[in-house]
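Structure, as structure tokens:
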There are 2 protein chains.
Amino acid sequence: MSADIQESTEELRGLSVDFFVSFVQVFGLPKSIGQIYGLLFVSPDPLPMDEIVNQLGISKGSASQGLSLLKSLGAVSSIAIHADRREHFEADLNVSRIVTHFFENRLEPRLEHGDRRLEEMVALARLAKRSDRTQGAASVLTRIQALQKWQKRGRNLIPMVVRWLKR
Amino acid sequence: MSADIQESTEELRGLSVDFFVSFVQVFGLPKSIGQIYGLLFVSPDPLPMDEIVNQLGISKGSASQGLSLLKSLGAVSSIAIHADRREHFEADLNVSRIVTHFFENRLEPRLEHGDRRLEEMVALARLAKRSDRTQGAASVLTRIQALQKWQKRGRNLIPMVVRWLKR
DNA sequence: CCGTTTGTTCATTTCAATTTGAACAAAAGC
DNA sequence: GCTTTTGTTCAAATTGAAATGAACAAACGG
């Protein structure tokens, strides 16, 4: 490989790593996940873990953990390479998978939890309103109920987004 | 105020704080922001900063910074109270504001940046493909172009979401 | 079997983001 | 003008999440 090709390959790698680091951080995932995926994304051939460790300068531990998360997201898959017993990894172009995972695992549980919290809040605010017949208590109840509407609206949005991305 | 009312008021406050801490964390905002908003949300009357500091047990610094962020989001507004020179704060039920702010300030700049990165990546991959006529170089270019499509799709989604929430 | 390669786990370290609190500024009342 | 109250700023401390790397396990080859 000539010197300038190697150079631009490295530059491409850097851009890809950067791109995906920024991407995964939107979803609150660690930087190393973005680095690994970014490297695999522009690699023409599947890479073994020690290549990933070397090229990114990260630890074996990070690479191992990162790869297993990425596999669980369906964002990378492992490939058998003839006459090499090491596991090789390849990026899947599964943008919707990682996003869907974010919605279903990060967002959905919180929304679920939030629903229950809001129920309890309504109950307490009703109680307060009954004993303490002030304008204040009533308006707090009203607000909480308005918030419940927003919560529902948000939840309805998620399946729409997922569908749009899968379409 | 009777003992049981005061008690359930405190419980309500705790639930609200919890709810909003969890909410803001989805958007990568600090916990204190959620605490402050949660407290104001269930307060019948506007509160001065020192009340917020006392009730939440946070520092003056956090409260000051948090309130100014919340004001900038349009999530709280300040209210003048007769014969009290302290600034009083009230929660606005502006769920869409905070979400819109997230999209426009956190997401949009990243997407913008991502667009530029992808352009550079395409350029480099084209170069690589021209000099190095292997299957690998060509397939890397194809992937990057596929990613560009996803990026566009994501960007188109945002105005839709914002509209849905504002509607 | 035994040594070597490959990969995982988890206690410790590192690092970044948030919170604190003390110093400072601004405004108000006396 | 001086004191007190109110609010901001920012360097330092705290905290929590992620990365490290050493110890361990598993799989393979000879």
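Source: prediction; values computed, not measured. Residue numbers begin at 1 in each chain, while the letters A, B, ... track the order of the sequences.
- Annotation: of the two residues near DNA chain D, A:G61 and A:P30, the 5′-most nearest-nucleotide partner is A:P30.
- Look at CD on B:Q65: it is 12 Å from P on D:dA11, rounded to the nearest Å.
- Under the 3.5 Å distance criterion, the side-chain polar atoms of A:S16 are left unmatched by any main-chain donor or acceptor of A:R13.
- Heavy atoms of B:S68 sit nowhere under 4.0 angstrom from any nucleic acid atom.
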>> Before you tell me yes or no, could you show the steps for A:E112 and A:R155 under salt bridge (charged side-chain N to carboxylate O under 4.0 Å, His left out), namely the whole-Å CA-CA distance, both residues' side-chain angles and the distance that decides it to 0.1 Å?
In response: CA-CA 9 Å; A:E112 192 61 54; A:R155 298 197 70 163; 3.5 Å; yes

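- Side chain of A:R110 to backbone of B:S22: a donor-acceptor contact under 3.5 angstrom is found.
- Between the CD atom of A:Q35 and the P atom of D:dA19 there is a distance of 7 Å, rounded to whole Å.
- For the pair B:F89 CZ and D:dT6 C1', the computed distance is 11 Å after rounding to whole Å.
- If you chain together hydrophobic residues whose side chains sit under 4.5 Å apart, B:F103 and A:V162 fall into the same group.
- The aromatic rings of B:Y37 and B:F41 sit tilted relative to each other, their planes meeting at an angle between 30° and 60°.
- Side-chain nitrogen and oxygen atoms of A:S59 include none within less than 4.0 Å of the OP1 or OP2 phosphate oxygen of D:dG21.
- Rounding to whole angstrom units, CD1 of residue B:I52 and P of D:dT6 are separated by 14 Å.
- Between chain B and DNA chain C, the heavy-atom contact criterion of under 4.0 Å yields a 5' to 3' nucleotide range of C:dT18 to C:dA28.
- The interatomic distance linking A:R85 (CZ) with D:dG29 (C1') rounds to 8 Å, in whole Å.
- Side-chain N or O atoms of A:R143 include none that pairs as donor or acceptor with a backbone N or O of A:A138 at under 3.5 Å.
- Between A:I36 atom CD1 and D:dA19 atom C1' there is a gap of 11 Å when expressed in whole angstrom units.
- Summarising the hydrophobic clusters (Ile, Leu, Val, Met, Phe, Trp, Tyr; side-chain heavy atoms under 4.5 Å, direct or chained), the residues clustered with B:I79 are B:I81.
- Rounded to whole Å, atom C1' of D:dA22 lies 9 Å from atom NZ of A:K60.
- Between A:I81 atom CD1 and D:dC28 atom P there is a gap of 17 Å when expressed in whole angstrom units.
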